[in-house]
**Q** 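The following block contains the structure, expressed as structure tokens.
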Amino acid sequence: MTGTRVLVLNSGSSSVKYQLIDMRDGERLAAGLVERIGERTSRLKHTLVAAGDTREQEGPIADHEAALKAVASELGRDGLGLDSPELAVIGHRVVHGGEFFSEPTLIDESVLTEIERLIPVAPLHNPANLTGIRTAQALRPDLPQVAVFDTAFHTTMPQSAARYAIDPKIADRYRIRRYGFHGTSHAYVSRETARLLGRAPEDVNVIVLHLGNGASASAVRGGRCVDTSMGLTPLEGLVMGTRSGDMDPAVIFHLMRVGGMSADEIDTLLNKRSGLFGLCGDNDMREIRRRVDEGDEQAALAFDIYIHRLKKYIGAYYAVLGRVDAVAFTAGVGENAAPVREAAVAGLEGLGLAVDAGLNAVRSGEARLISPAGARVAVAVVPTDEEMEIATQSYALVNESENPRLT
Ligand code: ADP
């Protein structure tokens with residue numbers, strides 16, 4: 001392999017995000033996003049990072065194939081095209097890898113078949129991921145392509161955490177278990193937290209709180225995930241932007257029997273019209289905080305419900321881990337919303353958890369501690385970087401497969 005660049009592709013249901021990274025120094029060469037694929041108002045935003053030069057175009061982009069071709073053409077205009085010999089590998093984010101994929105995986109037909117077999121448990125995500133891979137393969141058939149799974153980091157969960165308390169025959173027949181998501185972020189952030197503490201990941205127990213529009217918590221013991229809040233799908237766990245998170249499953253029967261709602265209607269209700277949005281009509285934490293500060297009671301209650309759930313998970317994972325060295329906040333809300341961090345650990349001094357108001361108020365893109373000096377448990381803000389993690393894992397895999405270790 002001569003190239004040192006990795007193209008990271010994150011193909012969502014109606015969008016494609018991408019970054020081109022040079023692994024010699026981790027420099028981001030280009031980054032961009034195609035949004036509203038399949039609509040008349042699709043938009044492509046492409047940035048040549050070093051020059052700070054951004055180009056935008058609007059107009060219909062019919063499907064993922066057209067989107068990737070448009071991305072390839074933008075990269076080509078900057079001399080960074082997919083035909084470049086510098087390109088070593090394309091790394092794809094794949095949301096659901098089931099119990100099968102615990103590592104980044106070189107993509108071949110059998111891997112594609114397995115990702116396809118998982119569509120029933122990831123109906124929104126895996127089809128888009130597959131299209132992204134197939135299109136990239138068509139554009140560069142000779143180039144290695146690697147799948148990095150959102151579920152992979154969680155495959156180390158013990159059965160006691162991964163299994164639901166239902167008949168195992170039924171669970172196995174329908175592949176029902178807790179898989180967990182956001183794994184690439186949890187892996188990256190738990191490792192970076194250890195680095196921030198100046199310790200080896202193997203020696204550190206961390207509770208990671210990934211709070212974006214989707215949100216999940218994980219308990220990481222010595223670098224391995226032992227529990228996480230999302231389950232069969234990304235609906236379980238924390239209160240999210242538009243998802244309810246944990247609920248008595250009987251609410252669903254009740255809505256069917258008493259409310260006359262269909263399974264699809266309830267699916268939409270719980271995934272798209274619940275969480276912060278369902279509670280107060282907003283899912284952006286900035287807007288919710290603005291309303292809280294103005295005395296809006298509905299927004300204040302939504303915030304309190306969000307924080308109460310978060311606190312319950314901190315307590316639960318404290319008990320799961322037994323010893324906690326750090327609690328790390330990450331993603332859009334976790335990295336930016338100081339009031340969320342403050343409220344989530346308020347009253348937990350008995351567990352050794354506290355936030356220093358001055359440190360918590362500092363705005364920075366760097367990983368940093370926000371707990372008072374000498375605190376028993378470190379509280380940290382650690383910006384996540386899923387693209388860099390996908391690039392690192394993909395590049396390491398192709399290097400390893402071309403230069404297998406002799407031992
Ligand atoms: P996802 O990748 O799940 O779409 P992100 O991790 O980008 O989400 O997080 C997006 C969310 O982060 C927004 O919906 C908003 O609630 C929150 N957010 C972003 N910036 C801020 C900020 N400055 N203050 C508070 N919340 C913020």
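As a basis for the values below, the full set of heavy atoms in this structure was taken, side chains included, without hydrogen atoms, waters or symmetry mates. All ligand and atom numbering here is 1-based and tracks the order in the structure. Everything numeric in this text was worked out from a predicted model, so none of it was measured.
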**Q** Determine, stepwise, if the pair Glu116 / Arg134 fulfils salt bridge (Lys or Arg N to Asp or Glu O under 4.0 Å).
**A** CA-CA 12 Å; Glu116 203 159 1; Arg134 291 219 163 93; 3.7 Å; yes
**Q** Is it the case that Arg177 places NZ or CZ above or below the six-membered ring of Tyr164, under 6.0 angstrom from the centre and within 45 degrees of the axis?
**A**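 No cation-pi geometry.
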**Q** Could you pull out all residues at least two apart from Arg43 that satisfy salt bridge (Lys or Arg N to Asp or Glu O under 4.0 Å)?
**A**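 In terms of salt bridge (Lys or Arg N to Asp or Glu O under 4.0 Å), with neighbours along the sequence ignored, Arg43 is linked to Glu35, Glu56.
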**Q** Take Tyr318 and Asn205, measure what side-chain hydrogen bond (donor to acceptor under 3.5 Å, both in side chains) needs, and give me the verdict at the end.
**A** CA-CA 10 Å; Tyr318 210 115; Asn205 292 352; over 6 Å; no
**Q** Give the residues near ligand 1 by chain and number, with the criterion being a heavy-atom distance under 4.0 Å.
**A**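 Gly212, Asn213, Gly214, Asn283, Asp284, Met285, Arg286, Ala331, Gly332, Val333, Asn336, Ala337, Arg363.
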**Q** Taking the side chain from Thr105 and the backbone from Phe101, do they hold a donor-acceptor pair closer than 3.5 Å?
**A**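 Not a single qualifying donor-acceptor pair exists.
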**Q** Got a salt bridge between Arg77 and Glu74, using NZ or NE/NH1/NH2 to carboxylate O under 4.0 Å?
**A**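 Looking at Arg77 and Glu74, the cut-off is met.
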